[in-house]
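Just so you know, these numbers come straight off a predicted model, no measurement behind them.
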Amino acid sequence: MALRPIDLAREHGLSTQAVRNYEEAGILPPADRSPHGYRQYGERHAAALRAFLALLPGHGHRAATAILSAVNGGEPDVALRLIDEGHALLAEDRRTLDAVRTALEHLPSPRPAVAGAEFTSIGPVAHRLGLRPATLRAWERAGLVTPSRDTRTGYRTYTSDQVRELLIAEQLRRGGHGLARTAEILHRLRTAGRPDAVRPTLTAWHERLTARGRALLSGAAALHSYLDRPEGAQT
């Protein structure tokens with residue numbers, strides 16, 4: 001049965017122009033044409049559109065477009081590799097979340113404040129962490145923590161919050177995370193507030209990853225259904 005652009009569009013609340021744009025982007029296979037030049041779609045096109053829209057929540061527009069374009073271009077292996085990459089990214093995000101949770105669980109309680117000791121120089125900080133000052137300077141260059149400078153001496157000084165961030169960084173580094181990933185995690189914690197205030201953020205982060213995982217499954221199921229449909233089948 002021949003379907004018009006409006007027929008595909010109505011099923012998903014899209015415009016007919018969006019359907020035409022999807023065809024031009026390779027998301028849909030090329031449409032047949034009527035004797036008068038009008039586009040004629042079939043159930044294979046409808047399945048391609050369903051697969052694309054199912055892939056969107058988990059993979060995003062760019063990757064979903066690349067996946068369908070690869071399938072319609074006769075490169076299913078490329079499409080499957082992109083699917084694998086989406087799952088690999090999710091797995092890495094889960095590992096990052098686990099690393100943040102572990103770091104917070106093993107973070108020592110803050111020491112009592114000492115008068116005049118709000119700022120700490122690099123030597124005592126390095127000693128507390130069991131690191132060399134040179135390591136802290138390397139972490140600074142990598143963007144983990146940026147200490148202030150004493151206006152009289154020019155020496156690095158760290159606030160109590162920065163010391164706690166360095167304790168988290170040390171836990172993450174011991175867990176095998178590179179400097180770039182550690183800096184990214186610290187940024188997440190920093191924008192959320194103090195460690196105790198991060199826990200609701202971690203819960204929301206976990207919920208987003210769960211939703212993304214389910215979206216990846218839904219997208220894979222829709223793509224599987226599309227891949228199982230013979231290329232010439234229009235009904």
* To do: Check step by step if salt bridge (charged side-chain N to carboxylate O under 4.0 Å, His left out) holds for R95 and E92.
  => CA-CA 5 Å; R95 285 191 289 270; E92 179 60 28; 2.9 Å; yes
* Is it true that D93 and R212 make a salt bridge, defined as a side-chain N closer than 4.0 Å to a carboxylate O? -> yes
* To do: To the nearest 0.5 angstrom, please state how far the CZ atom of R39 sits from the OG atom of S34.
  => 11.0 Å
* Does one hydrophobic cluster hold both L80 and L89, with members joined at side-chain heavy-atom distances below 4.5 Å? -> no
* Asked: When you look at CZ of R149, are more than 12 heavy atoms from neighbouring residues, nucleotides or ligands closer to it than 6.0 Å?
  -> yes
* So, does E165 use its side chain to make a donor-acceptor pair with the main chain of V145 at under 3.5 Å? -> no
* Asked: Okay, side chain of E140, backbone of P147: is any donor-acceptor separation there less than 3.5 Å?
  -> no
* Asked: With distance as the sole test, does S218 use its side chain to make a donor-acceptor pair with the main-chain N or O of R214 at under 3.5 Å?
  -> yes
* Verdict with reasoning, T182 to W139, per side-chain contact (heavy atoms from CB on, under 4.5 Å) -> CA-CA 10 Å; T182 299; W139 287 8; over 6 Å; no
* Going hydrophobic residue to hydrophobic residue with side-chain gaps under 4.5 angstrom, can you get from Y22 over to L227? -> yes
* Is it true that E184 and R181 have a side-chain N and a carboxylate O under 4.0 angstrom from each other? -> yes
* Structure fact -> dist I122:CD1 -> T157:OG1 (nearest 0.5 Å) comes out at 10.5 Å
* Short side-chain to backbone donor-acceptor contact, D32 and Q40, under 3.5 Å -> no
* To do: Output yes when a side-chain donor or acceptor of E11 lies under 3.5 Å from a complementary backbone atom of L8, and no otherwise.
  => no
* **Residues D7, R4: salt bridge by 4.0 Å N-O rule** => yes
* Is R50 paired with E43 through a side-chain N to carboxylate O contact shorter than 4.0 Å? -> yes
* **Donor-acceptor contact present, side-chain N72 to main-chain I27, <3.5 Å** => yes
* Within 6.0 angstrom of H12 NE2, more than 12 heavy atoms from elsewhere -> yes
* To do: Ignoring hydrogens and angles, tell me if any N or O in the side chain of T135 forms a donor-acceptor pair with the backbone of L131 under 3.5 Å.
  => no
* To do: Report the distance from atom CG of N21 to atom OG of S15, rounding to the nearest 0.5 Å.
  => 7.0 Å
* Note, T16 side chain near R20 side chain (heavy atom, < 4.5 Å) -> yes
* To do: Fit a plane to each ring of H59 and H87, take the angle between them on a 0 to 90° scale, and name the class: parallel (under 30°), tilted (30 to 60°) or perpendicular (over 60°).
  => perpendicular
* Judged by atom type as modelled, is there a donor-acceptor pair below 3.5 Å linking the side chain of T120 to the main-chain atoms of S160? -> no
